[in-house]
Amino acid sequence: MAFMHTTTRDPKTWLRLGFLALGAWLFARIIPYAGPDSLDFVAPRAVDLSILFSITVGFLMYKTLNRRTALDEHIALELNKVRRIFHLSFYIRRASPELDDWFQRIRSAIIDYLEAFRSHGFEYYQKGNPLFRAITYTIYSLPSRGKAYNNELFNALMMASGQATEAREYIRSKKADLIGRFPWMVVIVISLAFGAFIAASTPHDSFLRTVVALTIFCLFLVLQLIAEHDRDNAPRERALAKRYLDNLKAIETAQTEY
């Protein structure tokens, strides 16, 4: 799934990195050297902050990687169950041809739901709720039709519908489960303090200050990349929407094979 790695494909990412590089360079030039007499005090504080920085960044990275993995897994689960709903509905109709109008309603509802990702994209996932409910409500209406149908297939259809619904609820919650402002505020304050202690313990030599600027840039580069990975940028939203459209193509292909 290499196409899902979209961080470097967003032009805004490179613009932000440019501002980070400029900010790191200015930061390294502005913070004054504390002097050799203060190194015994400043250096241990820099080490302490480096440990604290590692812990907080590790926590943020763990959270965002878990969120992204869980989101991808449940999207795959939802799409798998939507295909299963189509196949089970088809075979219920095949066993009971008088249910053709019921099957056509499910087929149209599935196509409308997946097709919506062509015009809206994955960023409007919530707007798919009414379209998805049209699928499930049509499934639930089968017993009220008063026509014979295969109970085993219908039970499997209900199970697939429930699993798809649960996957959608999980996706909706995970999509909104971004790293909050407070954790970002804490790690940014720690990063600024860490960078300040590094700069304060470094003499005003051009080469050494350049190294400090690169170090500070790397600190905030890690934070920026975590932030980019945590939220769904435009290329990733398009890649996720494409998965739903690819699922639609798979269903259309299956129709031609039946």
Side-chain angles (χ1 to χ4, degrees), residues 1-35 38-39 41-72 121-123 174-241:
M1 291 174 49
F3 67 91
M4 299 302 290
H5 301 290
T6 55
T7 300
T8 57
R9 301 184 185 184
D10 190 356
K12 294 180 181 178
T13 298
W14 298 103
L15 183 62
R16 295 187 189 102
L17 293 183
F19 280 114
L20 283 179
L22 178 60
W25 184 84
L26 291 174
F27 191 83
R29 293 295 187 273
I30 291 173
I31 301 297
Y33 175 46
S38 303
L39 285 182
F41 175 80
V42 173
R45 302 302 181 277
V47 173
D48 293 341
L49 284 172
S50 70
I51 296 172
L52 189 57
F53 175 83
S54 300
I55 293 172
T56 53
V57 166
F59 168 76
L60 295 184
M61 186 175 295
Y62 175 80
K63 176 177 171 57
T64 191
L65 289 176
N66 275 1
R67 172 186 173 273
R68 177 68 69 91
T69 300
L71 197 58
D72 287 342
F122 194 74
E123 65 271 22
K174 277 297 178 181
K175 196 173 187 318
D177 187 26
L178 301 175
I179 297 173
R181 293 182 180 179
F182 179 74
W184 280 123
M185 185 182 303
V186 170
V187 75
I188 287 173
V189 168
I190 293 172
S191 303
L192 289 172
F194 183 28
F197 275 112
I198 293 174
S201 60
T202 306
H204 280 288
D205 175 81
S206 296
F207 174 75
L208 294 178
R209 284 286 162 160
T210 301
V211 172
V212 170
L214 287 173
T215 303
I216 295 171
F217 172 74
C218 288
L219 295 178
F220 285 93
L221 174 61
V222 170
L223 299 184
Q224 176 62 34
L225 292 178
I226 291 175
E228 294 283 350
H229 200 69
D230 187 52
R231 61 177 180 268
D232 296 327
N233 56 30
R236 175 167 166 81
E237 295 281 6
R238 289 194 295 269
L240 291 175

- Message: Show the nearest heavy-atom pair for residues I226 and W184, with the distance to one decimal.
- Response: CG2-CH2, 3.9 Å
- Task: Taking the side chain as every heavy atom from C-beta outward, state whether Y33 and V42 have any atom pair closer than 4.5 Å.
- Result: no
- Item | Heavy-atom donor-acceptor pair, R236 side chain to H229 backbone, under 3.5 Å | no
- State, with a plain yes or no, whether a side-chain heavy atom of L52 is found less than 4.5 Å away from one of F194. no
- Note on the structure: Sequence neighbours excluded, the answer for salt bridge (Lys or Arg N to Asp or Glu O under 4.0 Å) partners of D205 is none
- From L26 CG over to R29 CZ, what is the distance, rounded to the nearest 0.5 angstrom? 9.0 Å
- Message: What's the separation between atom OG1 in T56 and atom CE in M61, rounded to the nearest 0.5 Å?
- Response: 10.5 Å
- Value for CD1 (I216) from CZ (R209), rounded to nearest 0.5 Å, stands at 8.5 Å
- Message: Less than 4.0 angstrom from a charged side-chain N to a carboxylate O is my criterion; do D230 and K63 meet it?
- Response: no
- Item | Set of side-chain contact (heavy atoms from CB on, under 4.5 Å) partners for L17, sequence neighbours left out | T13, W14, L20, L221, Q224
- Taken in chain and number order and not counting sequence neighbours, the residues that satisfy side-chain contact (heavy atoms from CB on, under 4.5 Å) with P183 are L60, I179
- Lys/Arg N to Asp/Glu carboxylate O, R45 vs D48, below 4.0 Å: no
